[in-house]
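The chain is numbered in sequence order, starting from 1.
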Amino acid sequence: MRSFEEVFFTYVAVFLIGWYVFVHLPKKNKKKKEEEAEKAKEEESKKQREGMLNGLAAGDVIMTSGGVSGIVKEKGDDYIILTVDEKKEVAIKVFLSAVANVVKKAQDK
């Protein structure tokens with residue numbers, strides 16, 4: 001017959017192995033899949049934003065991250081000239097990184 005210590009350590013070892021296989025590994029795999037999905041979602045969002053910024057053209061109505069809206073007058077490499085008030089001919093220079101979204105494309109007018 002086995003001693004109490006042998007039986008006890010056997011049960012503890014089986015319990016720890018079972019916990020690792022049935023609890024820890026599934027959590028680890030789930031976390032890894034969630035991180036991969038999040039990374040893919042961020043990459044897709046980045047591609048959509050790059051497409052939006054590359055598609056900007058004169059006449060588009062945009063909204064900046066600061067809440068300023070206006071019509072794109074000219075587009076440079078890393079900036080746009082935004083007409084805020086056509087009657088008073090007020091235009092501002094805005095970095096492309098400040099563009100939040102395109103409200104209306106030029107051909108939609």
Side-chain angles (χ1 to χ4, degrees):
M1 194 148 114
R2 295 185 173 153
S3 69
F4 174 76
E5 289 85 16
E6 290 175 344
V7 173
F8 177 75
F9 287 120
T10 303
Y11 280 125
V12 168
V14 168
F15 174 77
L16 290 175
I17 292 169
W19 173 83
Y20 183 79
V21 169
F22 294 112
V23 177
H24 182 70
L25 284 180
K27 282 184 181 180
K28 185 178 176 181
N29 291 339
K30 183 178 178 182
K31 184 177 179 182
K32 184 177 179 180
K33 286 180 183 178
E34 288 174 352
E35 288 173 355
E36 289 173 356
E38 183 70 25
K39 186 176 180 180
K41 189 176 179 181
E42 288 175 5
E43 288 176 7
E44 180 65 27
S45 176
K46 188 176 180 180
K47 286 180 184 178
Q48 286 178 348
R49 178 157 175 80
E50 287 175 4
M52 176 191 71
L53 293 176
N54 290 337
L56 281 178
D60 291 350
V61 179
I62 62 135
M63 175 75 69
T64 66
S65 57
V68 178
S69 64
I71 301 169
V72 176
K73 183 176 180 180
E74 178 186 330
K75 182 183 176 203
D77 290 336
D78 61 347
Y79 68 91
I80 57 173
I81 303 296
L82 188 64
T83 303
V84 181
D85 188 356
E86 288 183 82
K87 292 180 183 178
K88 295 182 181 179
E89 297 179 12
V90 176
I92 57 175
K93 186 176 184 178
V94 178
F95 285 107
L96 285 176
S97 60
V99 176
N101 60 13
V102 177
V103 177
K104 189 184 289 185
K105 295 293 286 177
Q107 65 263 20
D108 293 344
K109 286 185 174 181

Can you name the side-chain contact (heavy atoms from CB on, under 4.5 Å) partners of [X], sequence neighbours left out?
X: Val23; answer: Trp19, Lys27
X: Ser3; answer: Glu5, Glu6
X: Ile81; answer: Lys73, Glu74, Tyr79, Ala91, Lys93

Checklist line | Lys41, Glu35, Glu43 screened by side-chain contact (heavy atoms from CB on, under 4.5 Å) with Lys39, the one that passes | finding: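 Passing option: Glu43.
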
Quick check: closest heavy atoms across [X] and [Y], and the distance to 0.1 Å?
X: Ala106; Y: Ala58; value: CB-O, 3.7 Å
X: Asn54; Y: Lys75; value: O-NZ, 3.5 Å
X: Ser65; Y: Ala100; value: N-CB, 3.8 Å

Taking the hydrophobic residues Ile, Leu, Val, Met, Phe, Trp and Tyr, and joining any pair whose side-chain heavy atoms are under 4.5 Å apart, which ones share a cluster with [X]?
X: Tyr11; answer: Val7
X: Phe8; answer: Phe4, Phe9, Val12, Phe15, Leu16
X: Val102; answer: Met52, Leu53, Leu56, Ile62, Val68, Val72, Ile80, Leu82, Val84, Val90, Ile92, Val94, Leu96, Val99

Please answer whether the main-chain N or O of [Y] pairs with a side-chain N or O of [X] as donor and acceptor at a distance below 3.5 Å.
X: Asp60; Y: Ala57; value: yes
X: Lys104; Y: Gly59; value: no
X: Arg49; Y: Ser97; value: yes

Checklist line | Atom CD of Glu89 with >12 non-hydrogen neighbours under 6.0 angstrom | finding: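 Counting neighbours around CD of Glu89, 12 or fewer heavy atoms of other residues, nucleotides or ligands fall under 6.0 Å, so no.
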
